[in-house]
Structures are given as C-alpha cells and as structure tokens.
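What's counted below: heavy atoms across the whole structure, side chains too, no hydrogens, waters or symmetry copies. Throughout, a chain's letter reflects where its sequence line sits, starting with A, and its residues are numbered from 1.
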Amino acid sequence: MPRPRIATASLAGCFGCHMSLLDLDEGILELAELVEFDRSPIDDYKEFQGRCTVGLVEGGCANEENVATIREFRRCCDVLVSVGDCATMGGIPAMRNLVPLDECLQEAYVDGPTVHNPGGLPPGDAEIPRMLDRVYALHEVVHIDWHLPGCPPSPEAFQAALTALLSGEPAALPPGLIRYD
Amino acid sequence: MSESFTFYIDGVPVEAAPGMTILDAAQAAGIWIPRLCWHEELEPFGGCRVCTVKMNGRSCAACTQPAEPESVVENDSVALREWRKALVELLFAEGNHFCMACEKSGSCELQALAYRLGIAAPRFEHRWQAREVDASHADVLIDRNRCILCARCVRASRDLDGKNVFGFTGRGPERRVAVNSDARLRDTDLDVSDRAVDICPVGAIIRKGVGFTVPIGARRYDGAPIGSDVESANDELESANEHTEGGAAATVRQEE
C-alpha cells in the first residue's frame, strides 16, 4: 500500500511552525516511516508530485502568490490544515491590517527613518507578487478542514493532529493542546 | 442557614441564601460558570454575557440573576457552550488580540476561556480597527486593542480604589474605556498599586516593566485550565461528602 503523502508550505509565516514540526525529535523518524513527503521545504520539492492525503500550511495570505499557493494546496490535498496563528487568524503579519496598505508601503519604502530609496516609490517589479489589501486567514480564502493554532503549535499538537489524520480520525485538538502563543 | 433554599444546576442540588445570584451560589458549590466581567470583589455588571445560563428555560446572566427556590438552571449544555463560544469568538473578532505578542498571554482570562471552550480558530471576520494606546503614565499603559469592555477597571477604580479613574465613552462599536474626561492616563491619579490595574482580565491595562518576567510554563493558566480552581473546590466537597449520608450533593462551602 502506498504511504500517505504530506505536503507542507509556508506562506506569510516565519517557518517557525515547520521548526516545531521538526522539533518532534525522534518522532520525526517515525513520521518519515509512515508518510511520504510531497511538495514541502523539507524535501525541497517546489511542485506537487501527486495527490496528497494531508496538506499542512503555515502563514496567512498576504499577497497574490500566497493565494495561488493555497488554492493549489486545496486542489491537491484531501485534508487541508491551517497551521499556526498566522494561518488561523493572520498572526503578526496581520498587524498591518490596522493600517491602510498604501500607508504601510509608504512607511516601509519611502518615509521610514532608515530607508534609502532614491526612486522614492515602493517596489513595483512584475516579478514581485502584488500585496493584498490586508492579510487573510487561510479559511477566508479556501475551505480549511482543521486548525492547529499556536505560535508555533507544539510538537505534541502536530503529533496529535497527524496521528488522528493518518488513521482517518477527526483532528480536533483536545483543549490542552490549543495555544495561541 | 435556616432561610437557605435549594435549586438545581444541571440536575445537581445547590444551596443558596436569599439574594444570592446563580453564579455566587454555583461558585460556593464548586460549580464553574464561565464568565469574564464578573469578579468576586466587584458588584456584578452583566456585561459580557458569557455566564449566560437558562433558568426555568429562560436565558439570563448568572452573575446578575438571583437564584430562586426549586428553580432549574441549565449551565453546561451543548447549546449554552455554543452560545458562549460564539460570544468569545466575537470578542476576538471585535478587538485586536495578537496573543503571540502579548505580555498577558498565558495569564489572560479571555485566552484561557477560548482554550477551555475549544476555539481553534475564529469563525467571524475580524474588524481590524486600530484602537488607541495610552502609554503616557510612568508605570501603567492602556492598550485598547485588547479591551473587552468588561468594566472591571471602571468598577474597581470607583468601588475599591475610590478614584473614578476610568469610565466609558462612545456607543456601540465606538464604545471605549476613557480616563477622566479627555485627559491622558498620566493626568489621572491612577497609581500602579491600584486594584483597577491588576484586575483587568486581558492585556488592556498593563503594568510597565514586568512583561514576560514569568516564564512560559509558570503563568497563571499554563498548568490548569480556567475554572479548575472553582471545580477543584467541588472535588474537595465531593470527597468530604463521601463520608456523610448526603453523597455527591453539593453544599454551600463552609469555609470563607
């Protein structure tokens, strides 16, 4: 029987959730025996290799590329899990939601006290994904099956959720594993 | 005790004295009713509605509703848990609660309640409306982004500190905690030792200079979920009752 495939990605996140997944210690070896990693920074596949059982996505949607990525994950994964506070509610990047986008760009690329930008304009190269008006939680963009909050979610939370999902059980976290910090 | 009477919370007989609220009687019997604005040192406010229960089928705030003899109160039911969950999620959607960067995290009653109610992610769209921060005072700051309008600071300053430092201004979504007219916090006679400072259930009123001094693992709700202190009193009661004829019937706590 082929092993279930897992895909992971970090959108508007800091990779801290991926670090916490790696922090399963020797549990990561058991996990590697049970599953096959598909598209993921862990094996550096940039494209999906096949249909995946579980998609773990860290970070919210801050730009158009994030939206395209989460939509592709939704298309390619049976079960999609938002991982970490940035994915579940926007997190630290969503602090910019309190300020209009043009003001954010003006401060970051024009007016900021340490900015050196002779052009005087925020970067607008076509290669750079355009930013969204605000940062969105993943479930605001596509359907999300389970949420794994935390900054980052503890290795125990990953373990509980993955163990449940790989045995076809619901991945609702028990209250003791729900954390927002 | 002669005038005390019995009523029922989720089928458990609870004793109350006349005038006692449902929440007070439950508290004394070791039954936890979730709440945010209620505080044992303050007059009840009935603001957050998280303590909503059904008395004889009608919903009411347990912190303001007096218990009545033989009444039947529904507390820990699926329907009420869902209502409370929605109320707490609305508070998260209305304010700007970035727990991952908040010095109250781990000791915050709103956060602890969300954990206990099993809220993994907010289901309502956030308002994302910036609110005022007042860091003018030397020892205390107000971050209204985290305020849930529970009025604990308003009541504590008025009734415990005798100062009236805080009040409300504005209506509906514009309602906010104000300090004495248009003044800044530094212009008031608020002192860092006032009860109004530490009584804030969230990270809205914060002591300066002590953030993040308590390590993760030792914070208020790191060990046991919110409400378990009330319920462990119940466990003690039950084990005490095992030695009597009454069995598991909850009684008014004798000490205190």
Side-chain angles (χ1 to χ4, degrees), chain A residues 13-14 16-17 20 57-60 80-101 103-104 132-141 143-154 157 160-161 170-181, chain B residues 34 81 85 88-89 91-133 143-146 202-203 211-212 214-217 219-228:
Chain A
C14 70
C17 298
S20 189
V57 183
E58 156 192 351
L80 197 51
V81 185
S82 63
V83 174
D85 292 337
C86 299
T88 61
M89 55 74 70
I92 295 288
M95 283 182 166
R96 83 158 158 96
N97 292 0
L98 306 177
V99 182
L101 177 59
E103 279 180 40
C104 284
L132 304 180
D133 60 334
R134 65 170 175 88
V135 176
Y136 291 80
L138 296 184
H139 65 265
E140 294 183 280
V141 182
H143 174 75
I144 295 292
D145 299 291
W146 300 104
H147 299 278
L148 220 57
C151 190
S154 64
L173 286 182
L177 290 179
I178 294 178
R179 286 284 179 272
Y180 307 152
D181 63 3
Chain B
R81 277 200 298 272
K85 219 171 142 176
V88 170
E89 285 175 75
L91 289 172
F92 274 93
E94 189 181 355
N96 300 306
H97 301 276
F98 294 98
C99 293
M100 67 297 288
C102 179
E103 53 269 63
K104 196 65 177 263
S105 189
S107 303
C108 168
E109 293 180 38
L110 178 68
Q111 183 194 61
L113 198 52
Y115 291 169
R116 173 128 188 200
L117 294 171
I119 298 170
R123 91 188 100 151
F124 305 115
E125 193 178 317
H126 282 76
R127 280 186 80 216
W128 299 126
Q129 199 140 78
R131 296 191 191 154
E132 242 177 294
V133 177
D143 185 345
R144 295 185 179 84
N145 290 291
R146 303 165 180 164
V202 292
F212 307 110
V214 180
I216 291 174
R219 301 169 306 180
R220 189 166 164 200
Y221 298 114
D222 280 340
I226 192 168
S228 55

Most heavy-atom pairs under 4.5 Å with chain A, out of B/C99, B/G118, B/A101, belong to B/C99

Name the region of A/A87, side chain, backbone, both or neither, that has any atom closer than 4.5 Å to a heavy atom of chain B.
-> neither

Under 4.5 Å from a heavy atom of chain A, the part of B/I119 involved = both

Comparing A/A94, A/A172, A/G90 against chain B, the one with the most heavy-atom pairs below 4.5 Å turns out to be A/A94

Contact part of B/F124 toward chain A, heavy-atom cut-off under 4.5 Å: side chain, backbone, both or neither?
-> neither

Enumerate by number any residue of residues 173-181 of chain A whose heavy atoms lie under 4.5 Å from heavy atoms of chain B; in the absence of such residues, state 'none'.
-> A/P175, A/I178, A/R179, A/Y180, A/D181

For residues A/N97 and B/H126, determine if any side-chain heavy atom of one lies less than 4.5 Å from a side-chain heavy atom of the other.
-> no

Is it true that A/E140 and B/R123 have a side-chain N and a carboxylate O under 4.0 angstrom from each other?
-> no

Which one, B/G106, B/C102, B/A114, leads in non-hydrogen pairs under 4.5 Å with chain A?
-> B/A114

Roughly how far apart are A/I92 CD1 and B/M100 CE, rounded to 0.5 Å?
-> 5.5 Å

Under 4.5 Å heavy-atom distance to chain A, tell me which part of B/P225 shows up: side chain, backbone, both or neither.
-> neither

Min side-chain heavy-atom separation A/M89-B/F92 under 4.5 Å = no

